[in-house]
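Worksheet: one structure, shown below.
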Number of protein chains: 2
Amino acid sequence: MTDDSWLEVSSGSPFPVENLPYGVFSPPGRAVPRVGAAAGAPVLDLGGLLDNPVFARPSLNAFMARGREFWRATRGRLLDLLTGPAHRDRVTRHLVPLTDVTLSLPIEVADYVDFYSSLHHAENLGRMFRPGAEPLTPNWRHLPLAYHGRAGTVVVSGTPVVRPCGQRKDPDVPTPLFGPSTRLDFEAEVGFVVGVGSTLGRRVGAAEFGDHVFGVVLVNDWSARDIQSWEYVPLGPFLGKSFATSVSPWVVPMEALDGARVPAPEQSPAALPYLRNGEDWGLDLRLEVVLNGEVVSRPRFADMYWTPAQQLAHMTVNGAALRTGDLFASGTVSGPTSDQYGSLIELSDNGTEPLHLADGSARSFLQDGDTVAITATAPGLGGRPIGLGQVVGAIRPAAVNASR
Amino acid sequence: MTDDSWLEVSSGSPFPVENLPYGVFSPPGRAVPRVGAAAGAPVLDLGGLLDNPVFARPSLNAFMARGREFWRATRGRLLDLLTGPAHRDRVTRHLVPLTDVTLSLPIEVADYVDFYSSLHHAENLGRMFRPGAEPLTPNWRHLPLAYHGRAGTVVVSGTPVVRPCGQRKDPDVPTPLFGPSTRLDFEAEVGFVVGVGSTLGRRVGAAEFGDHVFGVVLVNDWSARDIQSWEYVPLGPFLGKSFATSVSPWVVPMEALDGARVPAPEQSPAALPYLRNGEDWGLDLRLEVVLNGEVVSRPRFADMYWTPAQQLAHMTVNGAALRTGDLFASGTVSGPTSDQYGSLIELSDNGTEPLHLADGSARSFLQDGDTVAITATAPGLGGRPIGLGQVVGAIRPAAVNASR
């Protein structure tokens, strides 16, 4: 449908016209960020192009709250504008080179929930955190496990990540130690952004996924494994995660991923009725984790045991309300083989088998100065693959006075 | 200092002039709620009385964000106005009878964190959730354990609580069941409201408590014990809590509690340096839990092992930022004796010893139609006790189609 766009997009671009992800940007000299869409290399300034105040805001929330029909109409209008040669001059005035802009956190995050939906990741982590016990807890195959994370420390790609301090407990020392984390890790995840909220006390079914979920971001759920393993029983992860969670700046609308939908893996035992999908919401997203410029893993989202529609149904089955801006992440995307693991603790087998990098160095966990980038591509509707952009972050040393 | 207020406050009122808690209210016919202070039985309309737009907002957040000096100046100004006879006529015009107004959620909740800081409660729950194991996990005495809750389902006192549905696992059935919770409970807690945020990557010390924390609310952390016990390993409480958390409508400023400050219980072993208090932030708050009109427990906040200043220091020690509107709750306030337990699961010994009520009925857990109210008083500076008002909620039956 968009082969005839007048916009020239280089063949390797993650943002062909079939994609059109939304973000929030500031060109130089403009103080207040506003909504744009990535169209090839430039950013299309929607606040300037479209006559609607929802695009003049510093987050996508007002746009997202308008609902699915408005999302469809907006996307349709943009495709028209980028296809019809008659619009070329008018639209071109609102194209800003990507290199000239600053990208902001695209959404005001309401609640942030992190799932744990990769069978392979859960088994790998279970073996490391609870050696000698069954890797999967008895509940794992019956419900998509999750916890609430810290919404206020969700940051946009590019934000530096300061190595966190905290308590850790070494097995051979009787009392906990305090200091900078020595087991800092990444987790490659996919995040789903809620556009339309729901009413307290009313559950949202899996079949309503498309009415509530606006789009997808990439997530790096930075994790301090030493802090996490000491604190997490019985209330779950807290400070081991809450120092930073990075997201990609472009939210890819669900509609752009229609060509990426695949059946989810078969579940055994069968899930309870409220978790059975009306539709397939498996997604063929192919992730790459890049550590200091080198690809270290290629996780595939299609391997995830629990789908995002099941996650949504579970999260609300107790009557919990959704709000515009809620973000729920998949949990680490790990496949069955070691070249598909989405965290360093898995890639280094709990730190015992350091990962050897091309520069001759080795990593059990992240070092100060390390940069982690996560990217992903998906089949597009028009045959061309589309990209989710990237989420990148570099590790800064712990703050001074970190030893006590 | 305020003995000579011209405002007549009945001797039993929780809101003498020494208290002056802040809330958000709508008188009949005014669509947009705004900030008020409870002054005896009436509400003082600060949006009308004080010439500052922060009081014309539908939440306390803008006011709270202005910081401690502004909080002090506002309180001082209000005490002046309520004391000087010359102001009587002017102020009286802005007094609205409490019975005429609707009270709203006083804050826009940013992140909600729930601690677990009563030694007695943690020991009681540990025995029930992990029978045969040591009740306290090894980390409990080294750090104030906590998890993030769902900010979007924090509701104001009076909001009905719909019995949640979810999975539970009975020990004698091999697979989980689905349906309305059969072990619905309350938890009497005290919540602390953050007024001034902090910078990502910088910890907030215990000694900075007064610069960041604006005031106190009462919290009922409704809990579905059957859902919670099946889901909580290894990621902590999620759907067992996220269906509703009720808070009292009046935020008592920290300054009003200067007369309630007491030394915290001694801690053994000594906490790590970052958790040692610069100041005593134990608080002599005396709670009452009222079930269907009958007092069933009298927990004392002064018994809490971890103080709110320690909680604040812990929550940010990894560099996690605070935001205006963050709410952190103490965890269930339980004392050493059974007439001081802050939850029904403790009062009924895990449901094995039902609580006998004056009307002849018995409760292991909450029934549809039950009403739970939590109140608290504290010593005031002027000799008169002050009150925190109340948080109340009634249980509504589960939604229809709740069986699958």
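- Ranked by heavy-atom pairs shorter than 4.5 Å toward chain B, the options A/Gly197, A/Pro160, A/Pro164, A/Pro176 are led by A/Pro176.
- The part of A/Leu272 that comes within reach of chain B is its side chain, from C-beta onward, which places non-hydrogen atoms under 4.5 angstrom from that chain.
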Practice prompt. Apply side-chain contact (heavy atoms from CB on, under 4.5 Å) to the pair B/Leu239 and A/His314, showing each step before the final yes or no.
Written response: CA-CA 8 Å; B/Leu239 299 186; A/His314 185 65; 3.4 Å; yes

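- Aromatic pair A/Phe178/B/Tyr274: centroids less than 6.0 angstrom apart.
- The candidate from A/Thr153, A/Asn139, A/Ile227 with the greatest count of non-hydrogen atom pairs under 4.5 Å with chain B is A/Asn139.
- At least one side-chain heavy atom of B/Pro234 sits less than 4.5 Å from a side-chain heavy atom of A/Leu145.
- Note on A/Ala244, A/Ser242, A/Gly201: by heavy-atom pairs under 4.5 Å with chain B, the leading option is A/Ser242.
- With a 4.5 Å cut-off on non-hydrogen atoms, A/Pro269 does not touch chain B at all.
- Counting non-hydrogen atoms of neighbouring residues, nucleotides and ligands closer than 6.0 angstrom, the CD atom of A/Glu108 reaches no more than 12 such neighbours.
- Taking chain A as the reference chain and counting heavy-atom pairs below 4.5 Å, the highest number among B/Val233, B/Leu322, B/Leu200, B/Thr316 is found for B/Val233.
- Looking at A/Thr137, only its side chain comes within 4.5 Å of chain B, counting heavy atoms on both sides.
- Looking at A/Leu143 and B/Trp230, their side chains come closer than 4.5 Å, going by heavy atoms from C-beta outward.
- With a 6.0 Å radius and a threshold of 12 heavy atoms from other residues, nucleotides or ligands, A/Glu123 has its CD atom above the threshold.
- Per-residue counts of heavy-atom pairs under 4.5 Å with chain B were compared for A/Arg323, A/Lys169, A/Glu231; the largest is that of A/Arg323.
- Only the side chain of A/Arg130 comes within less than 4.5 Å of a heavy atom of chain B; its backbone N, CA, C and O stay farther away.
- Most heavy-atom pairs under 4.5 Å with chain A, from the set B/Gly236, B/Gly166, B/Ala110: that is B/Gly236.
- Within the 3.5 Å criterion, the main-chain N or O of A/Ala321 finds a donor-acceptor partner in the side chain of B/Arg150.
- Heavy-atom neighbours of A/Arg396 CZ from other residues, nucleotides or ligands within 6.0 Å: at or below the threshold of 12.
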Practice prompt. Evaluate side-chain contact (heavy atoms from CB on, under 4.5 Å) for B/Gln167 paired with A/Asn318, printing each intermediate quantity in order.
Written response: CA-CA 9 Å; B/Gln167 295 192 26; A/Asn318 68 345; over 6 Å; no

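- Using a 4.5 Å cut-off between heavy atoms, A/Val113 touches chain B through its side chain atoms alone.
- For an aromatic pair to be called close, the ring centres must be under 6.0 Å apart, and A/Phe238 with B/His148 satisfies this.
- Only the side chain of A/Asp111 comes within contact range of chain B, with at least one heavy atom under 4.5 Å from a heavy atom of that chain.
- The most heavy-atom pairs under 4.5 Å with chain A, out of B/Pro237, B/Gly319, B/Gly240, come from B/Pro237.
- Top candidate by heavy-atom pairs under 4.5 Å with chain B, chosen from A/Gly126, A/Gly149, A/Ala122, is A/Gly149.
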